[in-house]
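Keep in mind that what you see is a predicted model, and the values were worked out from it rather than measured. Each chain gets a letter, A, B and so on, in the order the sequences are listed, and its residues count up from 1.
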Amino acid sequence: MMRLLTTIMLLALLVFGLWSWVDYDYWLLGPSPAHYTWWWPEEFSTIGQDIDSLFYLIAVMVAVMFVITMGGLVLFTWKYSAKRQDKAVFSHGSHKLELLWTAVPAGLLLIIAFSQMSTFAEIQFASATQDEEGNDLPVHCEIWASQFDWRFRYPGKDGRFGTNDDFESPYELVLPLQENEEGDAKKLVFLLRSRDVLHSFFVPHLRFKRDAVPGMTQRIWLGIDDKQMEEVLATREEKSFDIICAELCGWGHYKMSGRVRVLPQDQYEAWVDEMTAQQFGNS
Amino acid sequence: MVDIHAPHGSEARPGMGEPGTTREHHDHHELGFIQKYIFSVDHKVIGIQFMITGLIFFALGGLFAMAIRYQLAWPWEKMPVIGSVLFPNTGQAITPEFYTMLFTMHGTIMIFFVIIPLLTGAFGNYLIPLMIGAPDMAFPKLNMFGYWTMIPAIFCVFMAFIQPGGGPAAGWTAYPPLSTVTSAAPGSLSAQTWWLMALTWVGVSSMMGAVNYVTTIVKMRAPGMTMFRMPLTIWALFIAALLQLFALPVLTAASAMQICDRMLGTGFFTPTNLVVNQFNPETAGAAAGGQPLLWQHLFWFYSHPAVYIMVVPAMGLASDILSVHARKPVFGYKPMVYSMASIAGLGFIVWGHHMFASGMNPALGMTFMVATIMIALPSAIKVFNWLGTLWGSRIHLTSPMLFALGFVAMFIIGGLSGIWMAATPVDIYIHDTYIVVAHFHYVVFGGSVFAIFAAIYHWFPKMFGRMMNETLGKLHFVGTFIFTNGVFYMMHQLGMAGLMRRTADPYDYETYAHLQPLNEFITISAFLLFAWQIFFVWNFFHSMFWGKRVGRNPWRAASIEWDTPSPPGHGNFDAPLRVYRGPYEYASPEVEEDFVAQSRDLTGKSE
Ligand code: HEM
Ligand SMILES: [Cu+2]
Ligand SMILES: [Cu+2]
């Protein structure tokens, strides 16, 4: 009785454990938004695809390991019951097996480790925000975090910070769609700063997250994959996406939100004009 | 047979009265109640004191979790029971400040007042002398102080709750400047200082324990008990104690630095020109020029090893219990020891995996990633060896065995999800989401707590001389297993959807709006899980007084703690003791019974 029940419970964990990853709509217990693929929000950044495929790569290996180990547990719990066996096998282990299950996972884990490196370097290394000669790429805007809101400081029409046409956009980060000569999306570089405590700049749809640390200025970058974005936008009415604070910053942490919106170059310029007019009057 | 080395249990059937218990105690004068049960220097009493204290705090930490879950399922709705008392001004709904306090104190209590005291305090104390054949700890008085320094720790925690502004609210990780600048949060007024002092006292307690465990294990093993004849539980507790010894000073120093920042105007963690809520600490005479990331490094330098302090003993307990109840030697004893040791060793060079998104130098992140991914290897080796132990065994599905099997299942899940988080590019997305919450609850609740339950069911007869009720134990397991997965499994998927932890009301975000039904499901599972523990509570206290009496060795186990009377008297062993072999000689072809006790002398026995 207990043997059957225990085996079923372990087996159920194995089956539901796998199934819940596959059958998205069923397990969510409610309708899922159209701009979701699988369990996560559809990404549209130039690096997002890489991140997602690294996730899936690990997922495959993890699933195999999960099936082997949980499967073994289920099988042994069922099979090696005291009621059915007279005497246990008297064994203290096996050198060969130890070697096998050390070497094989070690190899797999090393593969996982090394396959992460180039993507991580592309995201976080200093070279990611520099051009080929090692010069810093120009900064698109400054991201300022403070309890409990996001503010985005733009250099204004002259493209230079610290001049008197700088303007500030509260709440909404607006990005232009820019392409380089090869027609690829251009990197947009930002300075991330905090005025008070720790915060974290998180955009789920762009698979991006970085803490804003007071006293530290961090150069970060985002790249928009425009085709991918068109597809996502086609699924929804909202034209902007959530920015979420991902590091506890006080009682208002839960409502420290912002939005990010991407505009074609001409609309973006119109927006800059509008913001300038709003903040400095028409001059 | 008058051989005093004979295992007393080998002839006794489970539950049978046992002749050994009538043997007179060649003993010590009677101690008064206070000396015997309150200010006791006996490791067994101290162990049980830690256990009862830990379980009481478990209930408290659990209540906090229920309140957190209520808010996540039905944000800002009237909180039942406590609502009208605590929140008259918000229509009985929880306040956001209170929510931050809840998860801060839930984590703090569970880690520092439940898991660590239960594993190292309760089982470390109770089992080490008994399983290595020592009459007591090396420093019994120090051991007593180890328990009694928990009292100031508990006092500080309670003081923290009643400070103006409410309890500490900077998370169990207490990242500055939120935790150090008083204007940053109401919980960062005086409450945070009490929190830091509580942590320091817990540290003092752990330190005294660790010194004792290491000394006792190195110096006081019975004749014949070589290091490689020690049960894996003892190896695990030994390794955990070493982790404490090396890592804890760093946390203590870091807490002292945070206290200085808060009270003496130093600026270890305060950057220059910081203005929080219109207040610049420098205008109040405080120094600045510090670095918030410094705290994170120091904190995780302790707290990553601390997660292994929370799981390595659990691995040891589970290994022993699996072997006894499957009647089979532990598979790969030495690989088990080496893998625990390498988990501990590697555990010191992976702390940065909590900081991949922190702005730490990415080259450093790269090295931390490789080390972290490699730490999954010894974890995997352990899982394979547990499966090896079960292979070809004779499983008795007793309550301890069920929880030990549950432990293995949960550890598999918790260990595997660690790999995603160790992979830096992936962790950038999932860091601080519910995947992390799922991961650590699988290892700490599914792992450590299941192992603790298994160990309580297993050693309860030794501790109190009575069995716990098996039917209730099994019932307890079934519900706990189902609801634990009900609570924690789908949190992985919430994390995939990007749901952030520590968020009081996520549903205003477009990204999270559709996640409420799943959260309601989780909350209901959590309530059931909590309520289900009544079977354990009842069983525990009822069996303590009215359980079926047992002899020395009700499970027919081979390790030497079962040679003592149940419960063992002062000084533990009532006959001279010698150890002849390892602790897992089950199904040995040498004898007819299905086990050979460690202390049984087979020389001269010819068949
Ligand atoms: C297979 C081995 C393991 C690996 C590879 C691993 C990896 C990780 C990583 C990378 C994180 C940070 C995730 C993030 O914040 O983004 C993490 C968090 C955590 N892990 Fe593990 N882990 C493993 C086993 C364990 C075990 C055995 C325990 C405890 C018994 C544990 C407890 C925790 C806790 C408590 C946290 C969260 C800390 C916090 O942010 O509050 N882990 N783990
Ligand atoms: Cu925040
Ligand atoms: Cu860690």
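Using a 4.5 Å cut-off between heavy atoms, Tyr586(B) touches chain A through its backbone atoms (N, CA, C, O) alone. Only the side chain of Val383(B) comes within contact range of chain A, with at least one heavy atom under 4.5 Å from a heavy atom of that chain. For chain B, no part of Ala212(A) is nearby; none of its heavy atoms comes within less than 4.5 Å. For chain A, the nearby parts of His492(B) are the backbone and the side chain; heavy atoms of each come within less than 4.5 Å. Heavy atoms of Phe481(B) lying under 4.5 Å from chain A belong exclusively to its side chain. Using a 4.5 Å cut-off between heavy atoms, Ala169(B) touches chain A through its backbone atoms (N, CA, C, O) alone. Only the side chain of Met490(B) comes within less than 4.5 Å of a heavy atom of chain A; its backbone N, CA, C and O stay farther away. For chain A, the nearby part of Ile430(B) is the backbone; its heavy atoms alone come within less than 4.5 Å. Within the 4.5 angstrom heavy-atom criterion, only side-chain atoms of Val213(A), from C-beta onward, approach chain B. Contact annotation for Tyr99(B): neither backbone nor side-chain heavy atoms come within less than 4.5 Å of a heavy atom of chain A. Neither the backbone nor the side chain of Ala422(B) comes within contact range of chain A; no heavy atoms are under 4.5 Å apart. Contact annotation for Gln516(B): neither backbone nor side-chain heavy atoms come within less than 4.5 Å of a heavy atom of chain A. With a threshold of 4.5 angstrom between heavy atoms, Ser115(A) does not approach chain B through any atom at all. At a 4.5 Å heavy-atom cutoff, the contact between Ile51(A) and chain B is made by backbone and side-chain atoms alike. There is no contact between Pro506(B) and chain A, counting heavy-atom distances below 4.5 Å. Looking at Phe202(A), only its side chain comes within 4.5 Å of chain B, counting heavy atoms on both sides. Contacts of Leu192(A) with chain B are absent, with no heavy-atom separation under 4.5 Å from either backbone or side chain. For a residue to count as touching a neighbouring chain, one of its non-hydrogen atoms must lie under 4.5 Å from one of that chain's; by this rule Thr511(B) touches chain A with backbone and side chain alike. Contact of Met366(B) with chain A is made through backbone and side chain together, with heavy-atom distances under 4.5 Å. In this structure, no portion of Ala12(A) lies under 4.5 Å from any heavy atom of chain B. Using a 4.5 Å cut-off between heavy atoms, Glu238(A) touches chain B through its side chain atoms alone. Looking at Gln278(B), there are no atoms closer than 4.5 Å to chain A (heavy atoms on both sides), in backbone or side chain.
Interface check for chain A: of the options Thr180(B), Asn385(B), Ile413(B), Thr95(B), the most heavy-atom pairs under 4.5 Å are formed by Asn385(B). Taking chain B as the reference chain and counting heavy-atom pairs below 4.5 Å, the highest number among Pro105(A), Gly72(A), Pro41(A) is found for Pro41(A). Interface check for chain B: of the options Arg259(A), Arg3(A), Lys79(A), His92(A), the most heavy-atom pairs under 4.5 Å are formed by His92(A). Comparing Pro425(B), Pro96(B), Ala170(B) by heavy-atom pairs within less than 4.5 Å of chain A, the highest count is held by Pro425(B). Among Ser417(B), Gly498(B), Gly359(B), Ala185(B), the residue with the largest count of heavy-atom pairs under 4.5 Å with chain A is Gly359(B). Of the listed residues (Gly289(B), Pro329(B), Pro271(B)), the one with the most heavy-atom contacts under 4.5 Å to chain A is Pro329(B).
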I'd like to know whether Asn519(B) forms a side-chain hydrogen bond (donor to acceptor under 3.5 Å, both in side chains) with Tyr507(B), so could you lay out the CA-CA distance, the side-chain angles of the two residues, the decisive distance to 0.1 Å, and finally the verdict. CA-CA 11 Å; Asn519(B) 267 314; Tyr507(B) 311 113; 2.8 Å; yes
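Figure legend: cation-pi geometry between Arg327(B) and Tyr80(A) absent, as NZ or CZ is not positioned both under 6.0 Å from the six-membered ring centre and within 45° of its axis. Geometric assessment of Arg210(A) against the ring of Phe201(A) yields a negative cation-pi assignment under the 6.0 Å and 45° thresholds.
Taking the six-membered ring where the residue is Trp, Phe125(A) and Phe120(A) present perpendicular rings, their angle passing 60° and hence far from 30°. Ring geometry, Phe384(B) versus Trp101(A): the interplanar angle falls under 30°, so the pair is classed parallel (tilted spans 30 to 60°). The aromatic rings of Trp420(B) and Trp21(A) are tilted relative to each other, their planes meeting at an angle between 30° and 60°.
Under the rule for a side-chain hydrogen bond (donor to acceptor under 3.5 Å, both in side chains), the partners of Arg501(B) that lie at least two apart in sequence or sit in another chain are Asp432(B). Evaluation of the salt bridge (Lys or Arg N to Asp or Glu O under 4.0 Å) rule for Asp50(A) yields no partner, not counting sequence neighbours.
Under the 4.0 Å criterion applied to side-chain N and carboxylate O atoms, Lys87(A) and Asp594(B) are not assigned as salt-bridge partners.
In this model, no donor atom of one side chain and acceptor atom of the other lie less than 3.5 Å apart for Thr235(A) and His35(A).
The CE atom of Met355(B) sits 9.0 Å away from the CG atom of Asp211(A) when rounded to the nearest 0.5 Å.
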